[in-house]
Structure formats: C-alpha cells, structure tokens
Amino acid sequence: MIAAAGQVVLLVDRHKFPGTGALRVCGPEDIDMIVTNDGADEATLRACAAAGAEVLLA
C-alpha cells in the first residue's frame, strides 16, 4: 500500500516516539508527513525530517 500511495501520512501519538517495536513497516524515508502532538521525542522528529518527512505538531 505504501508503494502504491500518492502520499504517506503517519498519524502517531507522542508516546510512540521513539519506537521500540520488533516489526518494521517502513523507514522514515518512505513517509511524506508525520502528524503528532507536542512532547514527541525531538531527536526522532529531527531524524525523520532529515530523511525528508514533513513534521506537523497538532
């Protein structure tokens, strides 16, 4: 689905950053936009932005 999508948006609660799960769905280079709330891990958001994802805090 990611490969077929025109845009990939990740909507995620701040408590999910940084992730520790064992299952990888995609890397930050595959995400176009991340929407999260204030308090998300700044280092993780910077790394995602450096990989090309637009980061929006809601």
Side-chain angles (χ1 to χ4, degrees):
M1 290 185 351
I2 290 173
Q7 183 178 32
V8 178
V9 178
L10 177 65
L11 175 62
V12 62
D13 180 80
R14 67 184 177 94
H15 294 103
K16 298 293 184 182
F17 286 118
T20 59
L23 178 65
R24 180 181 171 167
V25 175
C26 67
E29 66 280 356
D30 301 314
I31 299 170
D32 297 305
M33 180 182 298
I34 297 172
V35 180
T36 190
N37 49 336
D38 285 330
D41 183 67
E42 288 292 326
T44 302
L45 296 180
R46 280 193 304 275
C48 291
E54 180 181 353
V55 177
L56 295 175
L57 298 177

Is it true that Val55 and Val12 fall in one hydrophobic cluster, defined by side-chain heavy atoms closer than 4.5 Å?
yes

Nearest 0.5 Å please: distance from the CG atom of Asn37 over to the NZ atom of Lys16.
12.0 Å

Return the CG to CG distance between Asp30 and Leu10, rounded to the nearest 0.5 Å.
11.5 Å

Which atoms form the tightest heavy-atom contact between Gly6 and Asp32, and what is the distance?
O-OD2, 4.2 Å

Please step through side chain to side chain contact (heavy atoms under 4.5 Å, CB included) for the pair Thr36 and Leu57, ending with a clear verdict.
CA-CA 5 Å; Thr36 190; Leu57 298 177; 3.5 Å; yes

Smallest separation among heavy atoms of Met33 and Ile31, with atom names:
O-CG2, 3.3 Å

Quick check: closest heavy atoms across Pro28 and Ala51, and the distance to 0.1 Å?
CB-CB, 3.9 Å

CZ on Arg46 to SG on Cys48, rounded to 0.5 Å:
11.0 Å

Same apolar cluster: Val9 and Leu56, side chain cutoff 4.5 Å
yes

